Amino acid sequence: MNQTSENSGTSPETGDTVGNSRLILDRLRKIERLRELGIDPFPARVKRSHSLAEAVELFEAHEATMEGDESSTPARTDAVTVAGRVMARRGMGKMSFLDVRDGSGQIQVQARADVLADDFGLLELLDIGDFVSVSGPVIRTRRGQISVEAQSFGIISKSMRPLPEKWHGLQDAETRVRQRYLDLLSNERAVQNARARSQVASAVRRFMESRGFIEVETPILVPIAAGGFAEPFETHHNALGRDLFLRIATELYLKQLVVGGLDKVFEVGKIFRNEGIDADHNPEFTTMESYEAYADYNDVMRMTEDLVAFVAMEVNGDTVVPAPEGEDGATIDLAPPWPRIDLRQAIIDASGIDFRECSNREALASTMHERGMHVEPNSTWQQLLDKVISASLEPTLVAPTFLVDYPLAMSPLAKKKPGHEDIVERFEAFVLGRELANAFTELNDPVDQRERFEQQERQRDEFDDVEADRLDESFLLAVEHGMPPTGGLGIGIDRLAMLVTGESSIREVTLFPQLRS
RNA sequence: GGGCCUGUAGCUCAGUUCGGUAGAGCAGCGGACUUUUAAUCCGAAGGUCGUGGGUUCGAAUCCCACCGGGCCCA
């Protein structure tokens with residue numbers, strides 16, 4: 001989509017009437033006219049005594065002091081100076097009303113020819129979308145609308161393009177994300193989601209800090225993109241003359257900090273996965289990972305449910321979150337404790353498949369085939385099992401649920417469960433059928449860890465599995481120096497934001513999601 | 001990767017069934033109007049119908065390819 005006018009900078013003399021360039025030329029003429037009048041259409045500074053919300057409060061407080069005083073003249077504050085963007089205008093000859101908005105709120109401006117005198121003529125050069133500065137007392141109009149009675153008026157920034165229509169707003173899904181500022185200007189929900197997301201990240205930080213964790217930053221550009229199952233983005237460092245990757249997880253660096261004696265660390269940051277885009281996935285997204293020495297996955301489970309409930313309380317004032325539009329079913333209560341469900345039994349219940357009785361690829365493939373499930377050729381055992389879980393089990397996990405104790409083969413960074421050779425201490429949290437968090441009792445046996453990585457590398461070769469995890473020598477070197485027993489957590493900030501806003505697409509909580517060209 | 005839907009004025013949408021050369025509202029432009037709240041009234045404008053091919057006397061409409069966007073499946 002490229003309908004933006006390439007010749008929008010042409011002079012009025014060209015007489016170009018194609019498309020919106022005519023609208024733009026009108027605006028350019030107004031800018032020129034302002035300059036002819038000695039008015040800077042883009043002044044560097046603006047005086048302002050009150051935000052719009054403060055101006056309304058000022059009036060309401062003033063009006064309240066006059067309560068019961070029937071004989072007095074109508075309420076009228078001292079003059080204020082406010083500024084904002086003109087969102088609508090209603091003109092009738094010698095008087096106009098403007099709806100002006102700033103980040104705090106909105107107020108009506110009453111512009112009367114007799115009060116404004118010379119400044120009234122400026123209204124001819126004013127467009128919806130322009131920023132204005134207005135001085136005058138706050139009053140109530142005959143129709144009861146709180147308004148600034150403009151005694152002076154100035155344009156403090158001209159707009160060159162029209163805003164979306166006032167009544168239906170901006171509907172086009174593509175324009176809403178490509179030009180998010182228009183979405184924010186015309187759809188209140190976009191603003192609410194942006195604020196909610198900010199509050200989610202802030203609440204997560206406050207919670208972690210209250211538990212004694214410190215926030216750290218680890219590299220985004222890494223020589224080896226390890227610590228998860230994903231294909232990385234590649235880049236190149238010129239001065240070093242080497243290829244680098246964008247991280248797919250923060251895990252291995254954070255654990256090195258635990259080795260170094262930072263017992264409780266967390267990081268909120270972007271990670272990057274070179275994979276498809278859909279309602280749940282953006283190639284760059286934000287996670288919070290935490291690592292706590294001397295804790296195990298049971299401790300982390302308790303912390304996770306407390307964290308999510310805390311975030312919901314902080315953002316919505318309630319642990320009950322709305323069900324997304326279009327999904328029937330009741331609202332979701334995130335209050336702890338959440339049920340802990342054994343993964344193996346849950347898969348049996350959902351699909352009839354017992355992964356311990358299908359412990360090799362062929363057995364699992366044929367069992368899936370018997371049940372009419374699609375078996376992708378050249379998949380690994382764990383890819384097949386993951387498919388069983390995501391197809392049969394995950395959609396049933398609507399209320400918050402922990403799935404507990406995963407197969408070792410799909411968890412190369414998690415410690416074996418005592419008494420088991422093929423099960424690790426790992427859990428994932430699910431809400432509304434979506435994965436929210438992933439956590440383990442971290443593997444701190446360097447010999448076992450090396451074997452797990454080597455198994456991943458073999459799998460990469462044997463099955464051409466580009467998403468297999470990677471052996472990271474510098475991480476192993478750290479673990480070989482001794483890593484305490486540690487509980488780790490990864491939780492998706494985008495998913496959390498979707499949860500508390502009731503949105504069913506990550507695009508609605510990501511200001512600038514990735515799009516084609 | 002496959003299927004379905006979708007792209008028309010700056011914005012929101014009609015028009016595609018059944019081919020006849022594009023309409024409305026808002027915004028903008030000209031005019032009237034000193035209490036409006038989607039202000040109202042009058043007037044004149046504004047369009048490579050996503051792009052490129054094809055069929056046809058004639059294509060927004062039918063066919064093909066491509067470029068965006070959405071939903072479902074994999």
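Just so we're on the same page: letters track the sequence lines, and every chain starts at 1. Note that this is a predicted model, so its numbers are computed, not measured.
- Note: CG (A:Leu123) to P (B:rG31) measures 15 Å, nearest angstrom.
- Rounded to a whole angstrom, the distance from the C1' atom of B:rC67 to that of B:rA22 is 24 Å.
- The side chain of A:Glu165 approaches B:rC26 more closely than any other nucleotide in the set B:rA74, B:rC26, B:rG69.
- The salt bridge (Lys or Arg N to Asp or Glu O under 4.0 Å) with A:Asp494 is formed by just one residue from the set A:Arg197, A:Arg507, A:Arg434, A:Lys270; it is A:Arg197.
- If you check B:rC71, B:rU35, B:rG68 against the side chain of A:Glu174, the one that comes closest is B:rG68.
- Separation of the P atoms belonging to B:rG25 and B:rC33 is 24 Å when rounded to the nearest angstrom.
- Taking the P atoms as reference points, B:rC62 lies 27 Å from B:rG1, given to the whole Å.
- Pairs of residues two or more places apart, or lying in two chains, never qualify as ring pair (Phe, Tyr, Trp, His ring centres under 6.0 Å) while including a residue from residues 152-196 of chain A.
- Remark: the backbone N or O of A:Ile389 is not paired with any side-chain donor or acceptor of A:Asp386 at under 3.5 angstrom.
- Of the possible polar contacts, one joining the A:Arg361 side chain to the A:Ser379 backbone as a donor-acceptor pair under 3.5 Å is found.
- Proximity of A:Lys30 to the phosphate of B:rC29: a side-chain N or O atom is located under 4.0 Å from OP1 or OP2.
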Checking A:Asp183 against A:Gln179 for the side-chain contact (heavy atoms from CB on, under 4.5 Å) test, could you report, in this order, the C-alpha distance in whole Å, the side-chain angles of both residues, the deciding distance, and whether it holds? CA-CA 7 Å; A:Asp183 190 30; A:Gln179 296 176 267; over 6 Å; no
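- Listed nucleotides B:rA27, B:rA74, B:rC13 differ in distance to A:Lys387; the shortest reach to its side chain belongs to B:rA74.
- Comparing B:rG46 with B:rC13, their P atoms are spaced 24 Å from each other, to the whole Å.
- Separation of the P atoms belonging to B:rC64 and B:rG2 is 15 Å when rounded to the nearest angstrom.
- Nucleotides of RNA chain B nearest to A:Gln110 and A:Glu124 differ in position, and the one nearer the 5' end is that of A:Glu124.
- Distance NE2 (A:His168) to C1' (B:rA24): 11 Å, rounded to an integer number of Å.
- Between B:rU21 and B:rU37, the two P atoms lie 40 Å apart (nearest whole Å).
- Protein atom CZ of A:Arg27 is 19 Å distant from nucleotide atom P of B:rG46, rounded to whole Å.
- Checking B:rG28, B:rU35, B:rG68 against every side-chain atom of A:Met95, the shortest atom distance belongs to B:rU35.
- Atom-to-atom, CD of A:Glu503 to P of B:rC71 comes out at 12 Å; the value is rounded to the nearest Å.
- Counting heavy atoms from C-beta outward, A:Gln192 and A:Thr501 have side chains that stay 4.5 Å or more apart.
- Under 3.5 Å, the side chain of A:Arg112 and the base of B:rU35 form at least one donor-acceptor pair of N or O atoms.
- None of A:Asp405, A:Asp342, A:Asp422 except one satisfies the salt bridge (Lys or Arg N to Asp or Glu O under 4.0 Å) rule with A:Arg356; the exception is A:Asp422.
- Using a 4.0 Å heavy-atom cutoff across all strands shown, A:Asp114 reaches at least one base atom of the nucleic acid.
- Checking B:rU37, B:rA74, B:rC13 against every side-chain atom of A:Gln108, the shortest atom distance belongs to B:rU37.
- With hydrogens and angles left out, the side chain of A:Gln145 and the base of B:rU35 share no donor-acceptor pair within 3.5 Å.
- Across the protein-nucleic acid pair, A:Leu182 atom CG and B:rA27 atom C1' stand 14 Å apart, rounded to whole Å.
- For A:Arg90, no side-chain nitrogen or oxygen approaches OP1 or OP2 of B:rU35 to under 4.0 Å.
- Note on A:Leu515: only backbone sugar-phosphate atoms sit closer than 4.0 angstrom, heavy atoms only; bases stay farther off.
- Contact between the side-chain N/O atoms of A:Ser517 and the OP1/OP2 oxygens of B:rG68 is found at a separation under 4.0 Å.
- A close approach under 4.0 Å does not occur between any side-chain nitrogen or oxygen of A:Lys166 and OP1 or OP2 of B:rC11.
- Of the listed nucleotides (B:rG28, B:rU35, B:rU37), B:rG28 has the atom at the smallest distance from the side chain of A:Leu23.
- Here the options are A:Leu364, A:Leu393, A:Leu384, the test is side-chain contact (heavy atoms from CB on, under 4.5 Å), and the partner is A:Ile353; only A:Leu364 passes.
- Between B:rG70 and B:rU12, the distance separating the two P atoms is 15 Å to the nearest Å.
- Both A:Arg507 and A:Glu376 lie close to RNA chain B; mapped to their nearest nucleotides by heavy-atom distance, the more 5′-ward contact belongs to A:Arg507.
- Remark: P of B:rG10 and CG of A:Leu28 are 16 Å apart, rounded to the nearest angstrom.
- Taking every side-chain heavy atom of A:Ile128 into account, B:rG28 is the closest of B:rU34, B:rG28, B:rA45.
- Atoms CZ (A:Arg89) and C1' (B:rA27) sit 11 Å apart, rounded to a whole Å.
- A straight line from NZ of A:Lys94 to C1' of B:rC33 spans 9 Å, rounded to a whole angstrom.
- Heavy atoms of A:Gly169 sit under 4.0 angstrom from primed sugar atoms or phosphate atoms, though from no base atom.
- Pairing of B:rG68, defined by two Watson-Crick or G-U wobble distances under 3.5 Å, is identified with B:rU6.
- Of the C1' atoms belonging to B:rU40 and B:rU48, the separation is 37 Å, rounded to the nearest Å.
- For A:Ala279, the listed nucleotide lying nearest its side chain is B:rC71; candidates were B:rC71, B:rG46, B:rU37.
- For A:Thr141, the side-chain atoms get nearest to B:rU35 when compared with the rest of B:rG46, B:rU35, B:rC11.
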